[in-house]
Amino acid sequence: MRIVFMGTPAFSVPILDALVAEGHEIACVYCQPPRPAGRGKKERPSPVQSRAESLGLPVRIPVSLRDPEAQTEFATLNADVAVVVAYGLILPQAVLDAPRHGCLNIHASLLPRWRGAAPIHRAIIAGDTETGVCIMQMEAGLDTGPVLQRAVLPIGASDTTEALHDRLSQLGAREIVNVLNNLSELTPVPQPLEGVTYAAKIDKAEARVDWTRPAEEVDRLIRGLSPFPGAWSSIGDTRIKLLASRVADGDGAPGTVLLEPLRVACGTGAVELLRLQRAGKGAQSAQEFLNGNPLPEGSILGKE
């Protein structure tokens, strides 16, 4: 098929690779413009732009698709279908209607649960036991279109957003290949009206750990925000990112350090911290962290 691919972050790259490997013709790749990044704030192309250019594919990076000229340029690509995954720009109706088979979106949740910007983070934080990928026929609403195919993936007790992100990306790559190979035989199924939830973008204010919460909630927050933006707590004046954890035995006043292994008491139960990161330093295992940053047993994390 002749495909327009629309995506921006690393999540989208394996899907582009799968379409190319399957032998589809990529008429053009659309992604968001380069953003300032790093200490020098130099503009850095997105992972999709970098990958597309390395494959020799034509790339477009419009700031918006609302401009009639941009919509005409899109339509003249004469695509059979557009494959959209974490693109990040709103597609006007003229763009949705341009490809012969419309625009297909790969969404990392079991719709209608977790429509919106951060479905992987929200699924872990909420304690969901499964998630997955839906291939959806796009329409004007936010992730409201009928679903062509869905695939379920379990969420493990130790899963972080990073680990789940990578598995869902690979799953999405397999599913879109299957959908395109069988497109004429698939019937879009409208999403049910019940069970709708919204995965709001993560606010940095959510990332501070409240040790008065039950251990299960604290553990899910740490895993759900790992590696970005990273749940955090303070040790004196130093902010520490908490990147991996598990629920553990132990009790004490919320925030109290319990050693051997490194655990912290919560409102109920305790959380064992497995991986931590000081500002400006690399991530470390709990033992590596303690070797350079001794924490006396009974000290309190997050104390003002």
Side-chain angles (χ1 to χ4, degrees), residues 9-15 18 85-86 106-135 143 147 149-176 178 195 197-202 206-207 209-211 213-233 240-250 258 261-277 283-289:
F11 183 86
S12 312
V13 172
I15 296 157
V85 51
I106 303 170
H107 188 74
S109 81
L110 297 176
L111 293 167
R113 185 161 178 80
W114 302 129
R115 294 174 178 171
I120 303 175
H121 301 78
R122 294 297 177 191
I124 293 177
I125 292 170
D128 292 3
T129 58
E130 64 180 18
T131 184
V133 161
C134 284
I135 312 295
D143 299 329
V147 174
Q149 189 156 305
R150 65 176 58 222
V152 177
L153 192 69
I155 299 176
S158 62
D159 271 332
T160 61
T161 284
E162 182 176 38
L164 199 55
H165 166 285
D166 293 349
R167 296 208 305 278
L168 286 167
S169 178
Q170 295 295 333
L171 180 61
R174 292 195 298 271
E175 292 304 312
I176 191 61
N178 291 335
T197 58
Y198 289 93
K201 186 177 179 180
I202 300 295
E206 299 178 68
V209 174
D210 178 358
W211 296 108
R213 306 302 302 167
E216 291 79 8
E217 290 185 19
V218 173
D219 172 59
R220 296 198 306 258
L221 180 74
I222 292 171
R223 292 185 294 107
L225 298 185
S226 176
F228 183 82
W232 65 275
S233 190
I240 305 295
K241 274 190 180 183
L242 313 175
L243 299 174
S245 62
R246 61 187 169 206
V247 176
D249 292 330
L258 312 169
L262 175 54
R263 292 163 294 142
V264 181
C266 301
T268 55
V271 164
E272 181 182 352
L273 302 179
L274 303 173
R275 199 157 183 80
L276 307 90
Q277 183 177 11
Q284 297 178 304
S285 69
Q287 190 57 59
E288 290 170 334
F289 181 86

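Since we're looking at a predicted model, the values are computed, not measured.
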>> Quick check: do Asn178 and Gln149 have side-chain heavy atoms less than 4.5 Å from each other?
In response: yes
> Could you state the interatomic distance from CG (Asp159) to NE2 (His165), rounded to the nearest 0.5 Å?
Replying inline: 13.5 Å
> Would you say the side-chain atoms of Thr161 pair up with the backbone N or O of Gly224, donor to acceptor, closer than 3.5 Å?
Replying inline: yes
> Taking C-beta and beyond as the side chain, do Arg246 and Leu274 meet within less than 4.5 Å on heavy atoms?
Replying inline: yes
>> Between Arg150 and Glu130, does any NZ, NE, NH1 or NH2 come within less than 4.0 Å of an OD or OE carboxylate oxygen?
In response: no
> Which pair of non-hydrogen atoms, one from Leu276 and one from Ala286, has the smallest distance, and what is that distance?
Replying inline: CD1-CA, 3.8 Å
> Does some side-chain heavy atom of Ile120 sit less than 4.5 Å from a side-chain heavy atom of Thr131?
Replying inline: no
> Val218 and Asp210: which non-hydrogen atoms are nearest, and at how many Å?
Replying inline: CG2-O, 3.7 Å
>> Is any side-chain heavy atom of Leu243 closer than 4.5 Å to one of Thr160?
In response: no
> When rounded to the nearest 0.5 angstrom, what is the spacing between NE2 in His107 and CH2 in Trp114?
Replying inline: 10.5 Å
> Under 4.5 Å between any side-chain heavy atoms of Leu110 and Val133, yes or no?
Replying inline: no
> In Å and rounded to the nearest 0.5 Å, what is the OG to CD1 distance from Ser169 to Ile106?
Replying inline: 8.5 Å
>> Within the 4.5 Å heavy-atom criterion, are Cys266 and Arg213 side-chain neighbours or not?
In response: no
> Could you state the interatomic distance from NE2 (His121) to CG (Leu221), rounded to the nearest 0.5 Å?
Replying inline: 11.0 Å
>> Do the side chains of Arg263 and Asp249 get close enough for a salt bridge, i.e. N-O under 4.0 angstrom?
In response: no
> In Å and rounded to the nearest 0.5 Å, what is the CD to CD1 distance from Glu206 to Ile125?
Replying inline: 6.5 Å
>> Give me the atom names and distance for the closest heavy-atom approach of Ala126 to Arg220.
In response: C-NE, 3.7 Å
>> Using only atom types and a distance under 3.5 Å, with no angle test, would you say the side chain of Lys241 pairs donor to acceptor with the backbone of Pro229?
In response: yes
>> Donor-acceptor check, side chain of Ser245 to backbone of Glu272, threshold 3.5 angstrom: yes or no?
In response: no
>> Which heavy atom of Cys134 sits nearest to which heavy atom of Ser109, and what is that distance?
In response: SG-O, 3.4 Å
>> Quick one, Phe11 and Leu168 - any side-chain contact, counting heavy atoms below 4.5 Å?
In response: yes
>> Could you check whether any side-chain N or O of Glu288 sits under 3.5 Å from a backbone N or O of Ser285, counting only pairs where one atom can act as donor and the other as acceptor?
In response: yes
> Is any side-chain N of the basic residue among Arg113 and Asp128 closer than 4.0 Å to the acidic one's carboxylate O?
Replying inline: yes
>> Minimum heavy-atom separation for Ala215 and Val271, please, with both atom names.
In response: O-CG2, 3.4 Å
> Once you round to the nearest 0.5 Å, how far does CG of Asp219 lie from CD1 of Ile124?
Replying inline: 10.0 Å
> Under a 4.5 Å cut-off applied to non-hydrogen side-chain atoms, are Arg167 and Leu171 in contact?
Replying inline: no
> Are the side chain of Arg122 and the backbone of Ala200 linked by a donor-acceptor contact shorter than 3.5 Å?
Replying inline: yes
> Does the side-chain contact (heavy atoms from CB on, under 4.5 Å) test come out yes or no for Ile240 and Phe289, once each step is laid out?
Replying inline: CA-CA 10 Å; Ile240 305 295; Phe289 181 86; 3.9 Å; yes
> Passes side-chain contact (heavy atoms from CB on, under 4.5 Å), Trp211 versus Val264? Steps please.
Replying inline: CA-CA 8 Å; Trp211 296 108; Val264 181; 3.6 Å; yes
>> How close do Ala173 and Ala18 get, counting heavy atoms only, and between which atoms?
In response: CB-CB, 3.8 Å
